[in-house]
Structure formats: C-alpha cells, structure tokens
Amino acid sequence: MNQNDIDDLLEFLRFPSVSTQKIHQTDMRACAGWVQQRCEQAGLQSRIEETGGHPCVIAKTSRDPAKQTVLIYGHYDVQPAELFEEWDTPPFEPVIREGRVFARGATDNKGQILAHILGVGETLAGQGTLPVNVIFLIEGEEEVGSPSLPAVLERLKEELACDVIMISDTGMVAHGYPTLTFSLRGITSAELRVYGPGYDLHSGVFGGAVANPVTAAARLVASLHDEDGHVRIEGFYDDVRQMYEWEREASDGLPVTNDAI
C-alpha cells in the first residue's frame with residue numbers, strides 16, 4: 001500500500017459507523033457515501049442501495065457474458081467501541097503502531113473490504129480490465145444480523161447473479177502468510193432459563209436443602225460437551241462431513257502452534 005492508500009484506510013476508520021446505535025445514523029450514511037465514492041474512484045459503477053435500514057453500496061465492473069462473475073461481500077458497519085476508557089487510543093482516531101493499525105473496524109471489516117477495492121482499482125488502472133466480472137456488495141447491518149439483506153438479495157437477484165461469492169470478513173493465519181479460508185464453524189444460539197425461588201434465601205437456613213439455580217444452570221451448560229469437547233446432543237454431527245486427507249495435511253502445515261493461540 002502506498003501512502004494515499006493508507007490515508008484512505010485511516011479516513012475510512014474515522015467514521016463511527018456503529019449500526020446498533022441510533023445516535024450514529026448520520027455517520028452510517030456518511031460512511032456509505034464515502035465507500036460509494038471510493039468505489040467510483042476505483043473505476044467501478046457504484047451506487048447507494050436503500051434498504052429500509054442502513055444502506056448498502058453496490059459497485060461493479062461492466063458485465064462481460066464471456067467471463068465468470070465474482071461477488072465480493074463486505075460491511076462498513078462496526079461493533080460499539082465501549083468501554084472507551086479501555087482503549088489505549090480513541091477507537092475512531094486510528095493510529096499506526098509497529099506497522100499495525102489500531103482502530104475499531106480495522107480488521108472487521110473495513111481493512112479487508114478496502115483492500116479489495118484498492119486491488120480492483122489498481123488492476124483496472126494498470127491493465128484496463130479484469131479476468132472476471134466483479135460485483136461488490138457492501139452492507140451496513142452485518143453487526144446487527146443483516147435484517148435488511150434478504151430483501152435486497154431477492155430484489156436484486158438478477159443483478160447480483162454470480163458464479164462465486166468471496167467474503168473478506170476473516171483473518172490471516174500468520175503475518176505475511178497469504179490465507180484462503182474456505183470454511184468456518186457455524187453457530188447455534190439458544191436461550192436457557194432456570195427458574196428458582198422468587199426471592200433470596202438465607203444460605204445458613206436453606207443452603208443445601210434448596211437447589212441453587214446457578215448450580216443447575218452450570219450443570220446444564222457443562223452437560224453439552226463430553227471430556228473431549230464433543231457436543232453430546234443426539235444427531236448433532238449427522239450431517240457433518242469428515243475432513244479430506246488433503247485438508248488435514250494443509251491444516252497440519254499451517255504456521256500455527258498452541259503457544260501462538
């Protein structure tokens with residue numbers, strides 16, 4: 001990256017684009033506008049797409065039917081930065097220390113998506129074309145579960161039709177080690193409620209005689225896994241594909257040790 005690119009990243013990071021807080025609605029729209037303009041600067045056809053929530057940015061090259069199409073997904077919204085006093089420097093005033101940028105959103109997801117925009121822009125400037133059609137879909141609600149995205153995808157399904165989707169919301173295995181992530185673990189969310197006495201009970205009188213709801217909850221949570229960390233819910237692994245041998249070999253060759261985790 002040259003200094004202009006670094007300056008762009010720092011400018012991008014200064015937007016407090018916190019999608020969960022209404023106080024930042026103006027900042028969200030301003031950030032989306034900045035992304036749209038930066039995509040235009042990179043030589044892409046770009047626009048703001050209204051969603052009913054925070055807007056998306058759609059940017060693309062001219063579609064050549066002879067080429068395959070890659071859709072690059074990213075998001076410009078960030079998580080809240082509280083507690084501010086825990087930061088060494090203000091979260092929306094990016095600083096560079098020992099070659100690393102410190103700011104909210106530097107790696108989730110502003111740094112990665114800007115790197116894609118810059119890469120596409122430099123290739124277009126140098127070669128005039130790309131080997132594939134490229135579409136950017138950059139939303140502003142990833143950190144709140146993307147509630148508006150399904151409607152956008154349905155409405156624009158023909159325009160956003162592609163052969164492959166690339167998501168840059170991951171990290172590198174190690175510094176200077178190019179990384180392609182093709183699978184991530186999923187997540188299952190659940191709410192667990194344990195009911196007990198409606199008021200405090202004196203431990204000297206009721207201790208041992210009345211079950212402590214915290215203990216019951218802890219036992220339930222602990223029962224989800226066996227001693228080796230496997231989920232004990234019946235059928236949980238029925239649809240899980242075993243790793244191929246080449247995947248195990250590739251995993252074993254990564255520059256990652258238990259000490260580094």
Side-chain angles (χ1 to χ4, degrees), residues 18-20 73-75 77-88 91 98 100 102-113 141-147 149-150 164-261:
V18 182
S19 54
T20 61
Y73 167 88
H75 62 95
D77 64 321
V78 300
Q79 285 278 355
E82 288 83 355
L83 300 164
F84 296 119
E85 62 271 17
E86 296 294 324
W87 287 76
D88 292 332
E98 299 180 356
R100 296 177 181 270
F102 291 83
R104 173 59 94 220
T107 59
D108 187 11
N109 172 244
K110 293 180 178 180
Q112 294 99 313
I113 197 62
E141 296 184 344
E142 194 272 351
E143 300 292 4
V144 292
S146 304
L149 189 58
V164 64
I165 298 174
M166 185 167 66
I167 299 175
S168 59
D169 205 358
T170 53
M172 297 172 63
V173 171
H175 180 70
Y177 194 89
T179 303
L180 176 63
T181 301
F182 66 91
S183 179
L184 292 171
R185 296 175 66 88
I187 184 172
T188 298
S189 299
E191 180 177 306
L192 176 65
R193 297 187 182 186
V194 178
Y195 295 92
Y199 52 89
D200 289 343
L201 299 179
H202 194 289
S203 59
V205 178
F206 297 99
V210 177
N212 189 322
V214 174
T215 301
R219 286 174 174 166
L220 284 169
V221 172
S223 71
L224 288 174
H225 301 86
D226 63 20
E227 294 181 354
D228 295 321
H230 296 119
V231 176
R232 298 176 64 183
I233 299 174
E234 185 176 352
F236 185 85
Y237 295 104
D238 286 354
D239 296 325
V240 177
R241 177 182 62 78
Q242 295 297 313
M243 292 178 66
Y244 294 121
E245 187 59 33
W246 70 265
E247 291 175 310
R248 293 186 180 278
E249 293 175 357
S251 179
D252 291 341
L254 295 176
V256 177
T257 63
N258 289 334
D259 294 337
I261 297 177

task = Measure up the W246 and Y244 rings against each other and bin them: parallel (under 30°), tilted (30 to 60°), perpendicular (over 60°).
result =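 Parallel.
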Side chain to side chain, [X] and [Y], heavy atoms closer than 4.5 Å:
| X | Y | result |
| --- | --- | --- |
| F236 | E234 | no |
| L224 | I233 | yes |
| Q242 | R248 | yes |
| E142 | D169 | yes |
| H225 | V231 | yes |
| L149 | E141 | no |

Just how far is it from atom [atom1] of [X] to atom [atom2] of [Y], taken to the nearest 0.5 Å?
| X | Y | atom1 | atom2 | answer |
| --- | --- | --- | --- | --- |
| I167 | Q112 | CD1 | CD | 12.0 Å |
| L220 | T215 | CG | OG1 | 11.0 Å |
| T181 | M172 | OG1 | CE | 10.5 Å |
| H75 | S19 | NE2 | OG | 9.0 Å |
| S183 | R241 | OG | CZ | 7.5 Å |

So which heavy atom on [X] is nearest to which on [Y], and how close?
| X | Y | value |
| --- | --- | --- |
| T20 | V144 | CG2-CG1, 3.2 Å |
| A216 | V194 | CB-CG1, 4.2 Å |
| L192 | A217 | CD2-O, 4.5 Å |
| P197 | V210 | CG-CG1, 4.1 Å |
| G253 | Y177 | O-OH, 4.2 Å |
| A81 | W87 | O-NE1, 2.8 Å |

key: Donor-acceptor contact below 3.5 Å, side chain D77 vs main chain E143   =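 Side chain of D77 to backbone of E143: a pair is present.
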inquiry  = With a 3.5 Å distance limit and no angle check, can you tell me whether D226 reaches the backbone of R232 through a side-chain donor-acceptor pair?
reply    =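 Such a contact is absent between D226 side chain and R232 backbone.
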query = Going by atom types alone, do H230 and D228 pair a side-chain donor with an acceptor below 3.5 Å?
reply =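 Their side chains do not contain a donor-acceptor pair, so the 3.5 Å distance test is not met.
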Counting heavy atoms not belonging to [X], are there more than 12 under 6.0 Å from its [atom1]?
| X | atom1 | result |
| --- | --- | --- |
| D252 | CG | yes |
| R193 | CZ | no |
| E85 | CD | yes |

